[in-house]
Amino acid sequence: MRILHFSDIHLPPRLLSVPFRDWFGKRVIGGANLFLGRGREFADAREKIVALDRFRRELEVDLVTCTGDYTALGTRTELRNARQALQPLMQAPLGYVHVPGNHDVYLFDVLRRRWWDESFGDTLWSDLPECVVNGEPWPLVRLVGEDVAVVAVNSSRPNPRPWRSSGRIPQPQLDALVKVLAAPDLAGRFVFVMTHFAPCVEHGVPDKPLHGLENADDFLSVCADLPRGVILCGHIHRRFTARAEGVKPPIFCAGSATKAGRESLWVFDVDADGGRATPGIWRDEAYMLDPGAAVLV
Ligand SMILES: [Fe+2]
Ligand SMILES: [Fe+2]
């Protein structure tokens, strides 16, 4: 089975389309940053998503996963546009599994006014609905074919303070994740555990406190004994793979699929015996594999 993992596409907002009432707090600062430069890094994101779907079809990818940050400011218009842009990738034969990034739930209005749910709620169904907590979609489980399972937990939340972009997986989700990973339905499968925030960076080093996953140690200890699988994440805009001490599954960060000059992703090939992860790169206006840099998983 072939699985595509991408992240952090940060589709650029049309700033003039954001209603006046939605401009307050951190969104003003974020909008100014986009206007002053950061927006240029993602200016071609829409075209790259079209190319990404072409790459998905050429490679005969079975399942697509995304670890969030579709938007920049989490406005209703951005989320609606993101859904439209992502729709072709959601047609992968064995499905599409994703989590929100912190930019997709930028401020509390996104949750209060249910903008994320409005655009993506219908995509967040689970094959183990008895395991979700508090009426939320998480942990979301997909049993894919005979050999693979995907388990998604949500670590993103509004961060109204401008200097903070950290995340946390709520404790009830971690408690439920313990049960999910021990469920008979997952036995013998290769399991992808995915969330937006990276539980560590290269060489297993913790991310910075104001940027990282606050309860990374708790999350990693829940995943520590997973016999076959990997942890997928995004949030950090560079691709890497890492191992955390005492944790069996390796960690794969997809970086950003669309950031100019740093475009990256992973393609996993998994069968009953083992798996391989191959980096994807952007060259000559197209995504392609870099087989020389593949790693066994
Ligand atoms: Fe991001
Ligand atoms: Fe992020």
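In listed order, ligands and their atoms are each counted from 1.
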In H235, which N, O or S atom comes closest to the Fe ion (ligand 2)? ND1

Among the N, O or S atoms of H196, the one nearest the Fe ion (ligand 2): NE2

Give me the ring orientation class for W266 and F252: parallel if the planes are under 30° apart, tilted from 30 to 60°, perpendicular past 60°. perpendicular

Report the name of the N/O/S atom of D69 located nearest to the Fe ion (ligand 1). OD2

Is any N, O or S atom of H10 under 2.8 Å away from the Fe ion (ligand 1)? yes

side-chain contact (heavy atoms from CB on, under 4.5 Å) test vs L63 passes for just one of V270, V144, L4, namely V144

Angle at the Fe ion (ligand 1) (to 10°), with one arm to NE2 of H237 and the other to OD2 of D8: 90°

From S165, does some N, O or S atom reach closer than 2.8 Å to the Fe ion (ligand 2)? no

Would the H5 and F192 ring centres measure less than 6.0 Å apart? no

Matching residue for W282 among F6, Y287, F55 - test: ring-ring contact (aromatic ring centres under 6.0 Å, His included): Y287

Any idea which heavy atoms bring G74 and L79 closest together, and the distance? O-CD1, 3.9 Å

